[in-house]
Amino acid sequence: MSTDTPRPDLATKASATSGSGLWHSTPIPGVLRRLHLADGPHGIRQQHEDGDHLGIGGSVPATCFPPAVALGSTWNVDLVRRVGAALGAEASAMGVDVVLGPGMNIKRSPLCGRNFEYVSEDPHVTARIAASLVEGIQSEGVGACVKHFVANNQETDRMRSSSEVDERTLREIYLPAFEEVVRTTDPAMVMCSYNRLNGVYTGQDPWLLTTLLRQEWGFDGAVVSDWGAVVDRVESVRAGLDLEMPPSGTDDRIVDAVNGGELEESVLDTVVERLARVQERVATDTSRSREHEAHRALAREAAAEALVLLKNEDEVLPLPSGRSVAVLGEFARTPRYQGGGSSHVVPTRVTSVLEAFGAVEKEFPVRFAPGFTLDGTDAPKLADEAVALASRSHTTVLFLGLPQEWESEGFDRTHIDLPAEQVALLARVRRVSERVVVVLSNGGVVSVAEWRDDADAVLEGWLLGQEGGAAMVDVLTGVVSPSGRLTETIPLRLSDHASYLNFPGEYGHVRYGEGVFVGYRHFDTLERPVAHPFGFGLTYTTFGYSDLEVTGNDRDAWTVAFTVTNTGARAGREVAQLYTGRAEEYPTRPVRELRGFAKVALEPGESTRVELALNGRDLSTWDPEHHRWSLAEGTYTVSVGASSRDVRLVGEIVSTGDRFVPPLTRRSTIEEWRANAIGGPILAQIQAGMAELESVPRELLRMADSMPIVALATFGMGVTEEMVDLLVADVRARRRAAIERGEITG
Ligand code: BGC
């Protein structure tokens with residue numbers, strides 16, 4: 001603010017706490033300029049001011065990159081950073097100051113209608129992919145806005161439902177990706193979610209928006225509401241929400257709250273400061289080119305890396321050149337390449353599979369039959385024609401998938417099956433064709449168990465953005481070796497999923513009853529069979545792992561090094577994954593959790609040494625009693641492999657732990673006293689002096705283990721409450737002294 005700019009008055013400051021129109025913040029002359037916000041996560045959706053925000057209304061054409069489901073499957077952080085930079089560059093050229101993305105909610109259930117906009121069921125890979133997107137977007141002078149903060153893991157009743165999540169689960173599963181992105185990439189904005197978290201709307205939760213996000217994680221940007229998420233204006237501003245979008249026209253409530261002494265005026269000054277910080281960081285340049293051609297090539301590259309090869313019997317893929325190919329399925333002509341709702345982009349163009357095959361028709365002579373309709377209407381003639389074509393062709397490639405109206409923002413799926421007519425077509429094709437390849441288009445996982453035996457090869461194509469057709473053909477013809485890996489487990493049955501009984505909740509509440517056992521954490525810990533595990537994906541080559549070495553200190557820094565070798569005959573990329581676990585029963589924890597990965601490109605016979613870092617937090621669990629990360633003393637397993645189920649190398653870390661000694665009270669149990677590094681020896685000494693204990697039966701002593709120590713006074717045994725209090729005071733003093741001497745942490 002220049003010195004001669006008049007200080008904004010109360011009403012002006014209040015006006016800055018909500019937007020002006022659907023896509024802009026409210027300017028304050030000389031202080032704040034009008035910031036332009038636009039979706040989205042995989043392509044810029046710049047709408048005209050009067051457009052509707054649900055994507056039905058048009059927007060300016062922009063490159064439609066692969067949505068997060070596909071970008072996540074690349075596991076390639078450098079590539080995703082380049083996609084982020086391209087998004088940033090297009091945003092800048094369009095005058096968009098802040099891109100409303102990436103979306104980084106955890107895929108708690110395969111049914112969530114918005115899973116195509118999210119990365120994974122795992123927080124580590126979510127954090128790495130989202131961080132790369134933010135870095136890329138912001139490298140172009142545009143702000144990123146991570147969303148939806150937090151526990152917005154379903155669409156059902158999303159504007160009211162309360163996600164009931166215990167503290168440990170929140171800290172270990174739902175918060176870490178946001179935390180890492182905020183701490184390491186400094187996003188300009190965070191968007192609160194629609195839902196409530198443990199009863200409180202996230203957009204008016206002071207713990208979430210201020211204590212955690214700002215004070216603990218150091219976020220200094222602005223918090224914007226999801227569109228229409230604000231329920232109580234005053235509560236929101238007080239809790240730490242800076243910008244209500246779109247404006248509800250209720251700024252006078254803010255003014256009244258200040259005048260009535262309900263809200264400190266300084267809170268509004270802080271909002272203005274935060275918005276000013278955002279604007280200082282962004283500088284768009286509408287004179288620059290939108291680089292659509294270069295971005296199309298990048299969209300194709302990213303899409304090709306996202307395809308996950310689930311099955312490839314007898315190396316039916318890549319397709320042999322010179323042999324006839326029956327291309328079946330309407331999706332080959334009318335691609336499904338993005339999801340519905342606010343992330344919907346008007347693409348600069350769309351390349352279908354048929355078009356892409358057209359460019360290589362000499363080598364791969366292709367004939368097409370749609371086989372089915374996208375709206376599911378009964379079309380026996382289409383199916384007959386497709387089967388006839390398959391019977392005349394060397395290989396059949398069948399493009400199956402979910403119709404657009406089956407998955408979208410705003411509602412959840414109720415099952416994970418493919419349309420029945422598509423599965424029936426596959427069964428008929430199997431009977432007439434010796435080589436059958438299925439290519440899938442779907443935003444959330446689909447069940448493969450009941451039909452995959454009918455296919456020799458299965459290629460999971462997710463939603464791949466506008467160049468998805470070209471990317472599919474690149475992989476089918478072997479120009480690109482598939483290197484995508486699953487970021488979510490494909491279950492055998494929906495009901496095997498840990499969230500099954502608690503999704504989407506009832507009576508306005510959804511209980512995250514599976515706790516930290518989300519996705520593969522559940523399947524792997526219980527050793528439940530799955531169709532395809534987390535991290536899985538085949539290539540056109542094979543990889544070997546060797547020479548694991550784990551080095552480091554005993555508390556907080558380790559390096560895990562190993563060698564990956566391309567043992568096959570073709571070039572390819574491997575995603576080497578690092579998981580940790582701990583055998584101890586308490587606290588209950590997943591058998592393996594992803595803590596690192598590296599994607600390496602190797603020529604046949606080539607090897608590379610991979611080094612991944614681990615820190616104390618990677619081995620810790622959240623202690624909800626003392627509200628802190630806890631690294632227990634003990635032995636931790638380090639597993640390296642090609643999926644959460646394909647562990648190739650195992651090592652271990654022996655850690656002294658963080659030497660945290662919990663404070664003891666008169667309500668701490670005898671067992672807790674005994675396990676306590678300070679209290680334990682003192683208790684042992686006292687017990688040694690109590691001759692009467694000798695005659696107490698063993699089972700009675702065990703019963704006493706779970707009693708608060710003060711309960712001993714109730715049972716006589718020569719112990720009084722005063723004696724217990726003296727003991728507690730003594731142990732506390734010793735604990736304080738040990739902390740001061742640096743022997744333990746408190
Ligand atoms: C979505 C957000 C989106 C916003 C603006 C909301 O419905 O949940 O992800 O950024 O609309 O379009």
Side-chain angles (χ1 to χ4, degrees), residues 18-25 35-60 62 64 67-69 87 91 94 96-107 112-119 126 130 133-134 137 142-161 163 177-178 181 187-197 201-203 221-231 241-248 338-346 407-412 443:
S18 70
S20 58
L22 273 173
W23 304 111
H24 291 92
S25 64
L35 290 174
H36 185 170
L37 285 58
D39 288 299
H42 59 267
I44 308 305
R45 192 170 66 97
Q46 188 194 33
Q47 281 192 307
H48 304 295
E49 197 50 60
D50 53 357
D52 71 288
H53 92 277
L54 289 175
I56 305 154
S59 57
V60 179
C64 177
V69 58
L87 285 167
M94 292 160 108
V96 168
D97 298 289
V98 178
V99 173
L100 300 173
M104 44 192 301
N105 297 93
I106 295 294
K107 301 189 197 205
C112 173
R114 229 174 160 177
N115 274 358
F116 70 89
E117 275 192 72
Y118 302 141
V119 177
T126 299
L133 271 170
V134 173
I137 292 169
V142 164
C145 175
V146 297
K147 65 188 187 183
H148 310 88
F149 192 55
V150 64
N152 179 184
N153 308 97
Q154 66 186 50
E155 294 299 282
T156 307
D157 206 13
R158 67 172 167 162
M159 295 182 91
R160 299 182 311 179
S161 176
S163 302
F178 284 101
V181 170
M189 283 191 165
V190 169
M191 184 190 289
C192 79
S193 55
Y194 283 124
N195 55 287
R196 291 177 290 153
L197 171 64
Y201 281 103
T202 60
V223 178
V224 62
S225 72
D226 198 345
W227 265 232
V230 171
V231 176
L241 186 118
D242 303 294
L243 183 61
E244 180 203 37
M245 289 301 286
S248 58
Q338 64 175 328
S342 63
S343 70
H344 198 270
V345 181
V346 173
E407 49 179 357
S408 162
E409 176 180 343
F411 59 89
D412 296 315

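Numbering of residues begins at 1 and proceeds along the displayed sequence. These numbers come from the heavy atoms of this one structure, side chains and all, not from hydrogens, waters or symmetry mates. In listed order, ligands and their atoms are each counted from 1.
Around atom 6 (C) of ligand 1, the closest heavy atom drawn from Asp226, Val99, Asn152 belongs to Asp226. Scanning Val224, Asp39, Leu100 for the heavy atom closest to atom 10 (O) of ligand 1 points to Asp39.
Counting only distance, with no hydrogens or angles, the side chain of Ser225 and the backbone of Val230 share no donor-acceptor pair below 3.5 Å.
Residue Trp23 approaches ligand 1 through these ligand atoms, each under 4.0 Å from one of its heavy atoms: 5 (C), 12 (O). Heavy-atom proximity to Arg45, at under 4.0 Å, picks out these atoms of ligand 1: 12 (O).
Closest approach of Ser343 to Pro41, counting heavy atoms only: CB-CD, 4.0 Å.
Distances between N or O atoms of Lys147 and those of ligand 1 include at least one value under 3.5 Å. Residue contacts with ligand 1: Tyr194 is placed with a nitrogen or oxygen under 3.5 Å of a nitrogen or oxygen of the ligand (distance criterion only).
Contact annotation: the side chain of Arg158 never approaches that of Asn195 to less than 4.5 Å [non-hydrogen atoms, C-beta and beyond].
Contacts of Met191 with ligand 1, taken as heavy-atom pairs under 4.0 Å, involve the side chain alone. Only the side chain of Arg114 comes within 4.0 Å of ligand 1, judged by heavy-atom distances.
The CG atom of Asp242 lies 10.5 Å from the SG atom of Cys192; values are rounded to the nearest 0.5 Å.
Between the side chains of Gln47 and Ser59, no donor N or O sits under 3.5 Å from an acceptor N or O. At a cut-off of 3.5 Å, with distance as the only test, a side-chain donor of Asp412 or Thr156 sits close to an acceptor on the other residue. Looking only at atom types and distance, the side chain of His148 has a donor-acceptor partner in the side chain of Asn105 under 3.5 Å away.
Ligand 1 has at least one atom lying under 4.0 Å from a heavy atom of Arg158.
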